[in-house]
Visitor: 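This is the structure I want to talk about, given as structure tokens.
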2 protein chains.
Amino acid sequence: MTDEGLRERKKRRTRQAISDAAMDLFLARGFRQVSVADIAAAAEVSKPTLFKYFATKEDLLLDRIADHREETARVVRDRPAGVDPLDALHRHFRDRLADRDPVTGLNDAPETIALRDILYGTPSLAAHLMRYAGASEAALAEALAETGADPLTCRLAAAQITVVLLALAEDNWRRVAGGGRADDLHAEAAAAADHAFALLAGGLSVHFGQPAASAR
Amino acid sequence: MTDEGLRERKKRRTRQAISDAAMDLFLARGFRQVSVADIAAAAEVSKPTLFKYFATKEDLLLDRIADHREETARVVRDRPAGVDPLDALHRHFRDRLADRDPVTGLNDAPETIALRDILYGTPSLAAHLMRYAGASEAALAEALAETGADPLTCRLAAAQITVVLLALAEDNWRRVAGGGRADDLHAEAAAAADHAFALLAGGLSVHFGQPAASAR
DNA sequence: AGCTAAGAGTTAACCGAGTCAAGTTTTTGT
DNA sequence: ACAAAAACTTGACTCGGTTAACTCTTAGCT
């Protein structure tokens, strides 16, 4: 089954070793306090090699999280027949909440908390995270376009959905960082998610405008 | 009227000289191709002084654009009585479009185009721009909160509005970058803005879900 | 006017991220 | 067994950003 040569196996192992070393050091000492030279040394690899596997220092950390880039697009694409995209995303996010998936922010494992503190506490990491979010948004827009809706609508919808999901996660992180236990916060987080998706579906006019309002 | 001492005046002039030198060089040679040492030399200033005025190389460029950080919040706060926030923002954006304000992306002055090409073509600049957008979003959320709506709704609404505004601007930039004249594209851009605000106000359910749909 | 304290500016040296070129070792296919 | 390909290393380099020590100018007081 493993038609993977020795070379590939070693590459995978090297990459993993670098990633592991980076994670250990970041969790132990924080992002700024660790230099890429430290990481390279810990992984027993030279600096140029490290940068062959990871383009930037930030990617060393974000790599673990990056797998979720295509997630929303996949959810929309794989939704059961008869279920509309928004509902599918809503259900999926509720499921992720129930699973205490770290992407939702609702996870109080010490390691997850530490990682998230580093993430939101380091501007350059947050900025890079936005780049990943951009990729996720583009993929989602494409998936939505397959429903036949016009491209502009899809792009705007993808942007709104992506930013709302990020806002929900940050909100949950804030609550967990405030000392709450994930289990205690689950109901609240689920309610917030329901509210957010209702807002996405129903629009802002109920709160900040007239339903049929049109400027000018 | 000028209760501004000689010291303040000199500081303002120094800052301006640095900013001007930076803009000239960036427009002439691009972002990556210019080093901060070049800019410092052109402004006849030492490198540490340059960094006293601008925290990062990116800020050297973004400073000109940064004034818009409080704009949406101000529009909401200063809206005429009886006009709801969403309408006020919609009207304001249409006015900015009519004025060919660079923030809308609908501006084909060569210098503006060159600047925008640099902006969107340089990932680190785009990332920094997101930081500015974050500030704008926070300010807008605060302004919306003054309407009495609950904080979560305000934060989500601010995030959605901000991201949609950015998407519209990028859309317009793309059209202008494609070679179109701003005057020819104005009607199209206005229609897109109307569509976007209708989407914000009315929600996504018309396109991607049932109006009364609720997951589970 | 003359003195002093604040603070803007300079020089010079430094750190860390990221890149490059040249050469060495290891895997692979024949 | 051998040659081509590809990973890795070393060492040196560029550039963004910071620090410390020192100089010069402005502000404010008497």
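Residue numbering restarts at 1 for every chain, and letters A, B, ... go by the order of the sequence lines. Computed from a prediction, not measured in an experiment: that's the story for all the values here.
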Visitor: How does protein contact run along nucleotides 7-18 of chain D, one letter per nucleotide 5' to 3', with B for base contact, S for sugar-phosphate only, - for none, heavy atoms under 4.0 Å?
Guide: SSBBB----BBB

Visitor: Mark yes or no for whether A/Thr162, through its side chain, and A/Ala159, through its backbone, hold a donor-acceptor pair below 3.5 Å.
Guide: no

Visitor: Measure from CG on A/Asp38 to C1' on C/dA17 and round the result to the nearest Å.
Guide: 13 Å

Visitor: Keeping the roles fixed (side chain from B/Asp38, backbone from B/Ser35), state whether a donor-acceptor pair exists under 3.5 Å.
Guide: yes

Visitor: Just by distance, do the side chain of A/Asp108 and the backbone of A/Ala182 share a donor-acceptor pair under 3.5 Å?
Guide: yes

Visitor: Between A/Phe197 and A/His90, how do the two ring planes meet: parallel, tilted or perpendicular, split at 30° and 60°?
Guide: parallel

Visitor: Return yes if some donor-acceptor pair links the side-chain N/O of A/Arg116 with the main-chain N/O of A/Pro102 below 3.5 Å, else return no.
Guide: yes

Visitor: Give the rounded distance in Å between these two atoms: CZ of A/Arg9 and C1' of D/dA6.
Guide: 17 Å

Visitor: How many Å lie between CZ on B/Arg15 and P on C/dG9, as a whole number?
Guide: 12 Å

